[in-house]
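Report on one structure; see the data block that follows.
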Amino acid sequence: MTISFLDPGQIYRELREELDDAYHRVMNSGVYILGEAVSSFEDNYAKYCQANHCVGVASGLDALLLALRALEIGPGDEVIVPAHTFIATWLAVSQTGASPVPIEVDERTFNMRANLIEAAITQRTKAVIPVHLYGQPADLDEILEIARRHKLYVIEDAAQAHGAKYKGQRIGAHGDAATWSFYPGKNLGAFGDAGAITTNNANLADRLRVLRNYGSREKYHHETQGFNSRLDPLQAALLDVKLRHLDNWNAHREGIAQAYVDGLKAHEITLPYVPEWASPVWHLFVIQTPNRDSLQKHLTKAGIGNLIHYPVPPHLQKAYENAGYKKGDFPVSETIANQVLSLPIGSHLSSTDCEEIIGSIARFSKKND
Ligand SMILES: *Cc1c(COP(=O)(O)O)cnc(C)c1O
């Protein structure tokens, strides 16, 4: 590959000194579970997200699972989810014993269509999980208004939206809880698995702290059947360093996205759509074309990294075969799965790389005219 899709090692090389210092601080502290490193990152990340509380956990999937469990969602309950998302959104619901109830997404924003929520609500519905997919905020006001009317919780799956803004306010505390993944490839990524939940609800934050720590507030006294899902202090300390650079990296992504839009708008390719109230953070730059498979081959042959997010929607995954879905149940999501292609974006990418990618796509389009 001459241009890689992702380069997780590049940030370590860029920030080696700061990161090594943080590592040594934790190692020398002798505290390897929770402690100051975790609470420091939690405080800083809560502030960054304009939320009152942040609870660090082991992964983005656990963040969703613990948020659902803390809101007492379980067997017999239903939770409305988008049909097009990374499967974790569905798996967290299933792992509580509740059922994910998918609704279609908008073909331009890729996010949950708020006007389909009401028809999916039953006596058993307890919550809605909008996903801010690809770094683009979902239409929260509409979703929150419907949820309020039907007394449903709103858990935002913000795993791809670190720093994104909805109507000028950072994602993090619009709904009852927002859940975060710090998987290495995310806009704010750890050097391993990590996750968090942000919320303005002090009670919920307290329940989450107990749930992540074996259901225990006081050692060997267990008030609930909790999990072992604590944010690792080494990851917390490293994340604290990276958090200081997040806005710069997001600005760099914005510049690349702008260059892609300017360079590709003349071609027969559907570019990402950004509603006027959204400030996305471009976790992914996703184009759509019916010629996706041949464009992908063309780019790969040219040495340009690319990925498909995601080739198979959750309802057609083997993991959900017992739920009885079939092809055609969610045609918009299925078309998206067949047409999307993610171009490289991130701090490892230079403007020359960007021009090379645009040129390569232009040559492909010409050939197909
Ligand atoms: C990455 C991701 C998750 C899961 O995060 P992990 O840290 O990998 O468990 C959940 N939802 C979405 C939308 C994601 O992109």
Side-chain angles (χ1 to χ4, degrees), residues 5-6 8 41 45 54-69 79-96 100 102-103 105-106 109-112 127-138 140 143 154-164 171-172 175 177-198 208 212 227-232 234-236 238-239 242 253 272 280-286 307-315 317 319-320 333 336-337 340 342 345-346:
F5 185 78
L6 252 184
F41 173 70
Y45 197 60
C54 171
V55 180
V57 296
S59 72
L61 175 60
D62 274 10
L64 279 164
L65 174 61
L66 268 65
L68 289 159
R69 284 287 298 268
V79 177
I80 297 171
V81 296
H84 174 62
T85 179
F86 179 54
I87 197 168
T89 319
W90 288 45
L91 288 178
V93 176
S94 303
Q95 287 178 12
T96 68
I103 60 173
V105 298
D106 184 276
T109 65
F110 302 106
N111 279 328
M112 170 184 277
V128 186
I129 309 184
V131 180
H132 307 302
L133 202 69
Y134 305 152
Q136 164 120 282
L140 286 168
I143 294 167
V154 174
I155 300 166
E156 304 166 61
D157 183 341
Q160 303 189 359
H162 315 78
I171 294 300
T179 65
W180 303 91
S181 164
F182 306 117
Y183 175 84
K186 308 286 171 157
N187 289 38
L188 179 61
F191 296 83
D193 279 308
I197 303 110
T198 51
L208 286 165
R212 74 170 171 187
F227 301 79
N228 176 357
S229 183
R230 300 167 292 220
L231 173 60
D232 182 326
L234 267 176
Q235 298 301 342
L238 300 170
L239 283 166
K242 287 187 69 177
R253 284 175 186 270
V281 286
W282 302 106
H283 172 59
L284 296 170
F285 190 91
V286 177
L307 284 172
I308 296 168
H309 297 90
Y310 300 92
V312 182
H315 72 278
Q317 295 280 357
Y320 281 99
S333 297
I336 287 172
V340 287
S342 307
I345 193 161

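Position 1 is the first residue of the sequence, and the numbers go up from there. Each ligand, and each atom within it, is numbered from 1 in the order the structure gives.
On a distance-only criterion, Ser181 and ligand 1 share at least one N/O pair closer than 3.5 Å. For a threshold of 3.5 Å applied to N or O pairs, the pair formed by Gly60 and ligand 1 contains at least one separation below that value. Every N/O-N/O distance between Thr85 and ligand 1 stays at or above 3.5 Å.
In terms of heavy-atom proximity, Thr89 sits nearest to Leu64 at CA-CD1, 3.9 Å. The two residues Ala194 and Gln235 come nearest to each other via the heavy atoms CB-CB, 4.4 Å. Nearest approach of Tyr45 to Leu188, heavy atoms of both residues: CE1-CD2, 3.8 Å. Of all heavy-atom pairs between Tyr310 and Val340, the closest is N-CG2, 4.3 Å.
Around the CZ atom of Phe191, the shell of radius 6.0 Å holds more than 12 heavy atoms that belong to other residues, nucleotides or ligands.
For atom 10 (C) of ligand 1, the closest non-hydrogen atom on the protein side is Ala88 CB, 3.4 Å. Of the protein's non-hydrogen atoms, the one nearest atom 2 (C) of ligand 1 is Lys186 NZ, 2.6 Å.
Checked against the 6.0 Å centroid threshold, Phe182 and Phe41 count as a close aromatic pair.
Within ligand 1, the atoms closer than 4.0 Å to a non-hydrogen atom of Leu61 are 4 (C), 5 (O), 6 (P), 9 (O), numbered from 1 in the order shown. Set against the non-hydrogen atoms of Gln160, the atoms of ligand 1 under 4.0 Å away are 13 (C), 14 (C), 15 (O). Proximity to Val131 (heavy-atom distance under 4.0 Å) selects the following atoms of ligand 1: 13 (C). Counting atoms of ligand 1 from 1 in the listed order, those under 4.0 Å from a heavy atom of Ala159 are 2 (C), 3 (C), 10 (C), 11 (N), 12 (C), 14 (C), 15 (O).
Within the 4.0 Å heavy-atom shell around ligand 1 one does not find His132.
Using modelled atom types, one finds no donor on one side chain facing an acceptor on the other under 3.5 Å when comparing Tyr134 with Ser342.
Looking at Asp157 against ligand 1, only its side chain comes within 4.0 Å, counting heavy atoms.
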Hey, mind stepping through Ile171 and Trp180 against side chain to side chain contact (heavy atoms under 4.5 Å, CB included) and telling me if it holds? CA-CA 10 Å; Ile171 294 300; Trp180 303 91; 3.9 Å; yes
